[in-house]
Colleague: 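Mind looking over this structure? Questions follow.
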Amino acid sequence: MYALVDGNNFYVSCERVFRPSLVGHPVVVLSNNDGCAIARSNEAKALGIAMGAPWFEIAHLAESAGLVALSANFALYGDMSDRMMSLAAGLGPGQEIYSIDESFIDLDGVRGCLTQRGHKVRERILDWIGIPCCVGIGVTKTLAKLANHIAKTAERKPGSYPEHLALVCNLAALTPPALQEVLAATEVREVWGVGRRIAAQLKESGIHSALDLARLDPAMVRRRWSVVLERTVRELQGLACIELELAPARKQEIACTRSFGHPVTHLADLGEAVTEFASRAAHKLRAQGSLAGQVLVFIRTSPFRPQAQFSRSIITPLRRPSADTGVIVAAALSSLRAIYRPGYHLARAGIMLLELQPNTVLQGELDLQEGAAPQRTRLMTTIDDLNQRYGRGTVIMASAGLAGDRRAWTMKQERRTPGYTTCWADMPVVRA
DNA sequence: TCTGGGGTCCTAGGACCC
DNA sequence: TCTGGGGTCCTAGGACCC
């Protein structure tokens, strides 16, 4: 038995904790570069704003409907997430943190009424952290996910589901006919693992609701679609196929990619950007105790612009696996020089670290040259410590350039809220 | 003028091995 | 007319998730 605890409109809810005046008003949080809406309050959803809607297409709603748009403040959301997760963990013996705003809880061995316990945790998160969330409970993770969707929808759109399923929905407590009714009222697209493409294919075959999908023959689904969808069907039928992952697995790839605030044409500017991306990726790499074997760099123009398009990437193997910022930046910059062509308005660049391996495994080598200098590892640890203690960007590679407006490529964030919980200077002050 | 960022898994097909 | 059998590794592409 699993529960899924999921924050409602999470980024918007985080902002509202510190700006309660936003409650009741349509609010969206924008992606990097203030590009498109990645979180919407219920009021914003009611205005018809779609997930991912470009800001320039909905900006007129600020005037006409009082829509408030904020730049994404990921430091704030990450910190609020940690607080929410620690309370959600109280629901059962195991927790999988699935994304920034949702976690699965293992309910095995939990006694008492699960629905009541769900309500208690929900209220505690709302009281202590200020984040509204919904709880879904089911025999499998897929059913818990679906239950959570139903809990949210029942609250947001009264009449869509029985009233008692709002906020906390325990599908395992329903009678079989009641469960069927609820599944029949749920679009197949809402099932975890069914995306746009597969939903369209299913509909063509007359599979419209979650109930229709649950009634399919798993073997047929495997033949016609895939083993992935087969698992989804079995999970809907109550057979657990997807396990709880208590510890996050080591990443197999680490990426850092960004769109630019303005089009970039010069190699020098690109070099600064790529240096910063590579430095950040190398830091993430060390944080999970890995080494990278390859570095991928790409640059590209905007596919939305009519001008000449350009998109190139290159993979450069490292001489030996490394987590050294200097080594990774050097590889990234020489890769960049290899693919760069002047004359294009580049909109985006990025780096990916590939062929990751644990830093505890070191391949011996037949090499008469000197090996990796051991003091470099200590240098990297020192840099990470300094940046941890005094803030990101305290110690950087010189080729990243100096921060400030001078940098042509930095992203646009015109509506960023303060780091209320992560920066001393931004901490709210209570006055008597 | 203006359209995010970071991941995972699975499959099919080709190259290659003995 | 008729050309084995069993396997691995790699890559590109497609699908999904938040």
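Just so it is clear, the values below take in all heavy atoms, side chains as well, and ignore hydrogens, waters and symmetry mates. Chain naming here is simple, since letters A, B, ... match the order of the sequence lines and numbering starts at 1 in each.
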Colleague: Just verifying a value: how many Å separate R122(A) CZ and I131(A) CD1, rounded to the nearest 0.5 Å?
Modeller: 12.0 Å

Colleague: Within this structure, what is the CG-OG1 distance for the pair L143(A) and T140(A), rounded to the nearest 0.5 Å?
Modeller: 3.5 Å

Colleague: If a pair means Watson-Crick or G-U wobble with both distances below 3.5 Å, what does DNA chain C look like in dot-bracket form, with | marking bases paired to a different strand?
Modeller: ....||||||||||||||

Colleague: Please work out if R222(A) contacts a base, only the sugar-phosphate, or nothing of the nucleic acid, heavy-atom cut-off 4.0 Å.
Modeller: nothing

Colleague: Can you say whether the rings of F18(A) and Y420(A) are parallel (under 30°), tilted (30 to 60°) or perpendicular (over 60°)?
Modeller: parallel

Colleague: Taking all non-hydrogen atoms of both residues into account, name the closest pair between I49(A) and A53(A) and its distance.
Modeller: CG2-CB, 4.1 Å

Colleague: If the threshold is 4.0 Å, N to carboxylate O, is there a salt bridge linking K141(A) and E243(A)?
Modeller: no

Colleague: Of all of residues 63-92 of chain A, which get a heavy atom below 4.0 angstrom from DNA chain B, listed by number?
Modeller: none

Colleague: With a sphere of 6.0 Å drawn around CZ of R250(A), does it hold more than 12 non-hydrogen atoms of other residues, nucleotides or ligands?
Modeller: yes

Colleague: For K152(A), which of N9(A), N42(A), D6(A) qualifies under side chain to side chain donor-acceptor pair (under 3.5 Å)?
Modeller: D6(A)

Colleague: Check the orientation of F260(A) and F277(A). Use parallel for under 30°, tilted for 30 to 60°, and perpendicular for over 60°.
Modeller: parallel

Colleague: Output the residues of residues 294-308 of chain A in contact with DNA chain B, where contact means a heavy atom of the residue under 4.0 Å from an atom of the strand; sort by number or write none.
Modeller: F304(A), R305(A)

Colleague: With a 4.0 Å cut-off on N to O distance, would you call E187(A) and K203(A) a salt bridge?
Modeller: yes

Colleague: Which of parallel (below 30°), tilted (30 to 60°) and perpendicular (above 60°) describes F104(A) and W192(A)?
Modeller: tilted

Colleague: Can you pull out the residues from residues 52-61 of chain A that lie within a 4.0 Å heavy-atom distance of DNA chain B?
Modeller: P54(A), F56(A)

Colleague: Identify which one of Q237(A), R231(A), E235(A), R234(A) satisfies the side chain to side chain donor-acceptor pair (under 3.5 Å) criterion when paired with T142(A).
Modeller: E235(A)

Colleague: At under 4.0 Å between heavy atoms, which parts of nucleotides 9-18 of chain C does protein reach? Answer with one letter per nucleotide, 5' to 3': B base, S sugar-phosphate only, - none.
Modeller: ------SSSS

Colleague: Heavy-atom count check: over 12 atoms from other residues, nucleotides or ligands less than 6.0 Å from H266(A) NE2?
Modeller: no

Colleague: T265(A) versus P342(A): any side-chain heavy-atom pair under 4.5 Å?
Modeller: no

Colleague: If you look at every strand shown and take non-hydrogen atoms under 4.0 Å, does N32(A) touch a base, only sugar-phosphate, or nothing?
Modeller: sugar-phosphate

Colleague: Distance check, rounded to the nearest 0.5 Å: M380(A) atom CE versus L285(A) atom CG?
Modeller: 11.5 Å

Colleague: How far, in whole Å, is dG4(B) from dC17(C) if one measures between their C1' atoms?
Modeller: 15 Å

Colleague: Does any residue of residues 248-261 of chain A have a heavy atom under 4.0 Å from DNA chain B, and if so, which ones, in number order?
Modeller: K251(A), Q252(A), E253(A), I254(A), A255(A), C256(A), T257(A), R258(A), S259(A)

